[in-house]
Amino acid sequence: MMISLDGRGPLHRQVYRALQDTILRGEMSPGARLPSSRALAEDLGVSRTVILLAYEDLLAESYTETRAGAGTFVSSRIQPGLPENAGFGPATEAAGVKRPVLSRYARRAISQKPDAVYPGKRDLGLRFNFGYSVSELDPQIVRLWRRLLSKHVTDSSSYYPPPQGEPGLRAAVARHAGRARGVRCDPEQVLIVSGSQQSLDLAGKVLIDPGDHVLIEEPQYHGARTAFLAMGARLDLCPVDEDGFDIRKRPANGRTTARLVYVTPSHQMPTGAVMPAARRLELLAWAQENGAYVIEDDYDSEFRYKTRPIASLHSLDRHQRVIYLGTFAKALSPSLRLAYVVLPPELVGPFVSAKWLSDLGAPWVTQRALAEYIEAGHYARRIRRLSRRYAARREALLSALRSGLAGQATIVDSAAGMHVLVWLDGLAPEALPALVAEAARREVHLPTIDEYYMKPPRRAGLLLGYTLLSEQDIAEGVRRLTEALASLR
Ligand SMILES: Cc1ncc(COP(=O)(O)O)c(C=O)c1O
C-alpha cells in the first residue's frame, strides 16, 4: 500500500493521518480491508506498535471497524470523497474547481455524514408517520405565538442580544427547571442556546481537545456522538442495559480517564431505559473523584405517563459536576432552535465566551416571546395537555403492537418520552431496509435504531414515535406494518 508520511509529530499519528486521508479521499472505499499491521509496518519500515497505535486511533474515531478474526476494514459509515460529498450544500463538481484545503475539524465533521442523520430528513411525507421527537403545532399555539412574536418584534429588534441570553428567559428557565426537574440554580448559571445541539458543540469546544476521551452510552444519541467525534474526541462506549448507563461498565483505558461523560438518564436515547438512583449516585461519585463533567441531556423529560418524573441527575449533584441540558424542541418545536444549559458556576464564563464567538447570542425576539409564554403559564399548560394526548396515543400504539405483532416482537417501553423501541424478533438486521421500503410502499414511515449504534446491533429494531398520529391512524399504521412484515416472509 502506498502512503506517505508527513514527517510531523509522533510516527503513529503520521500513519493515522496518512490513512485518514486515504479513506476520506475515497482511495480506500467503505468496507475495504486495511493491510495487516505486520505488512504495513514492513512496507513503511516502522515498528508494528506504531501501526497498531494508528489503527487504534482510526477505530476510536470510527474511520474503521473490526470484524472478529477477519481484520480491520474501512467503516461502512464513512462517506468518502472530499468535499463534493460533504452532505450539506451544493455539489461542486465543475471542471477546474480546485478542492479546498479543509481543516481537520471539517474533515472529521464531514466523515460523520451529518446529512444522513439530519432529523429534518425524517419527514418523508408518508401518511402514517411514526417519526419521533416532534410535537404537533396546533392552531391554538400558532395563534398565541403570532401574538407574542409581533409584540416583541417591536421593542427588541435594533440591538444585539446579551450573549448569555435574555435575562427574563433565564429567570423563567431557572424557575421552570427547578419546579419540573428539581434543578436548583441561579439564573446566572443559565445559558440560552440555539438548540441542545449547540450545547454539545460548546461543551466539546470548552472541555475537550482532540484525542481526549469522552464516555458515552452505546447505543447513543447520534447528535452527541457526531459532535464529539468531529471535535476529535475518542469515544469510550459504555453498553446500556435495561437500567441505562452504568459507570462500572466503562472500558478500561489504562491510566486515561474520560474528561466528559454524556448521558440521557431520564429516558435513554434510544432505548428508553431510566437510570435508577443508585447508578446516578455512582456516576456522580466517579465524576467527582476523577474531575470529569457529566452532561445530562434531559431532552424529553416533560413526558412521563404513569409515575412522577424521576429527579434529575443535577438535583443529586453536590459537587457541581453536572451540565444540565434542556430543550424547547420537544414540547414546543425544533424549528424554534431554543434550548438552555444549566452550568456549574465556574463554567459559565468559558461557555458564554464560546457562545459569543459562535453567534453573538440566540435570537432575541423569540427569546422574549418565549419568556412571556413560560411566565404566563402557557408552557406548563401545554405540557399537561400534550401529556394527556400522548398518553392516549402511546396506549393505542402499545395495544396495536401487542395484538398485531404478538410473538414476533419485544416491546421496550418505559412509560416516558415520545417513542417506544420495538425489537423484531424473527427479522435479521440486514432485512430492515427491505421492511422500511415495504412499509413506505404502504405509506408508513418506520424509523430504525441502527443509526444510534457505533457497532451495528445484532437485532432489527424500530423506534416508533406516537406523537404525530391520531389513535385511529396509529392502529391503521401498525396494521400496515404487520402486512409489510408478512410480505418479507
Ligand atoms: C437525546 C436528544 N438530545 C437533543 C435533541 C435535540 O435537541 P435540539 O433540537 O434542542 O438541538 C434530540 C432530538 O431528537 C435528542 O433526541
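The residues of the chain are indexed from 1 along the displayed sequence. All ligand and atom numbering here is 1-based and tracks the order in the structure.
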> Against heavy atoms of Asp297, which atoms of ligand 1 measure under 4.0 Å?
Replying inline: 1 (C), 2 (C), 3 (N), 4 (C)

>> Measuring from non-hydrogen atoms of Gln198 to any atom of ligand 1, is the shortest distance under 4.0 Å?
In response: no

> Is Glu302 salt-bridged to Lys330, cutoff N-O under 4.0 Å?
Replying inline: no

> Which of the numbered atoms in ligand 1 are below 4.0 angstrom from a heavy atom of Thr327?
Replying inline: 8 (P), 10 (O)

> Of all the atoms in ligand 1, which lie at a distance below 4.0 Å from a heavy atom belonging to Gly195?
Replying inline: 10 (O), 11 (O)

>> So if I count the atoms of ligand 1 from 1 in the order they appear, which ones are less than 4.0 Å from some heavy atom of Tyr262?
In response: 1 (C)

> With the threshold set at 4.0 Å, does a side-chain nitrogen-carboxylate oxygen contact exist between Glu372 and Arg368?
Replying inline: no

>> Walk me through whether Arg259 and Leu207 qualify under side chain to side chain contact (heavy atoms under 4.5 Å, CB included).
In response: CA-CA 7 Å; Arg259 307 269 306 269; Leu207 294 169; 5.5 Å; no

>> Is it the case that the side chain of Glu166 and the backbone of Leu169 share a donor-acceptor pair, with hydrogens and angles ignored and the cut-off at 3.5 Å?
In response: no

> Of Tyr132, Tyr221, Tyr452, which has the heavy atom at the shortest distance from atom 15 (C) of ligand 1?
Replying inline: Tyr221

> Considering Gly223, Ser133, Ser196, which one's heavy-atom position lies nearest to atom 8 (P) of ligand 1?
Replying inline: Ser196

> What is the ring orientation for Tyr324 with His314, classed by angle as parallel under 30°, tilted 30 to 60°, or perpendicular over 60°?
Replying inline: perpendicular

>> Side chains of Ser135 and Tyr390: any donor to acceptor distance under 3.5 Å?
In response: yes

> Heavy-atom contacts under 4.0 Å between Arg337 and ligand 1: side chain, backbone, both, or neither?
Replying inline: side chain

>> With heavy-atom distances below 4.0 Å as the criterion, list the atoms of ligand 1 near Gln197.
In response: 11 (O)

> Got a salt bridge between Lys306 and Asp413, using NZ or NE/NH1/NH2 to carboxylate O under 4.0 Å?
Replying inline: no

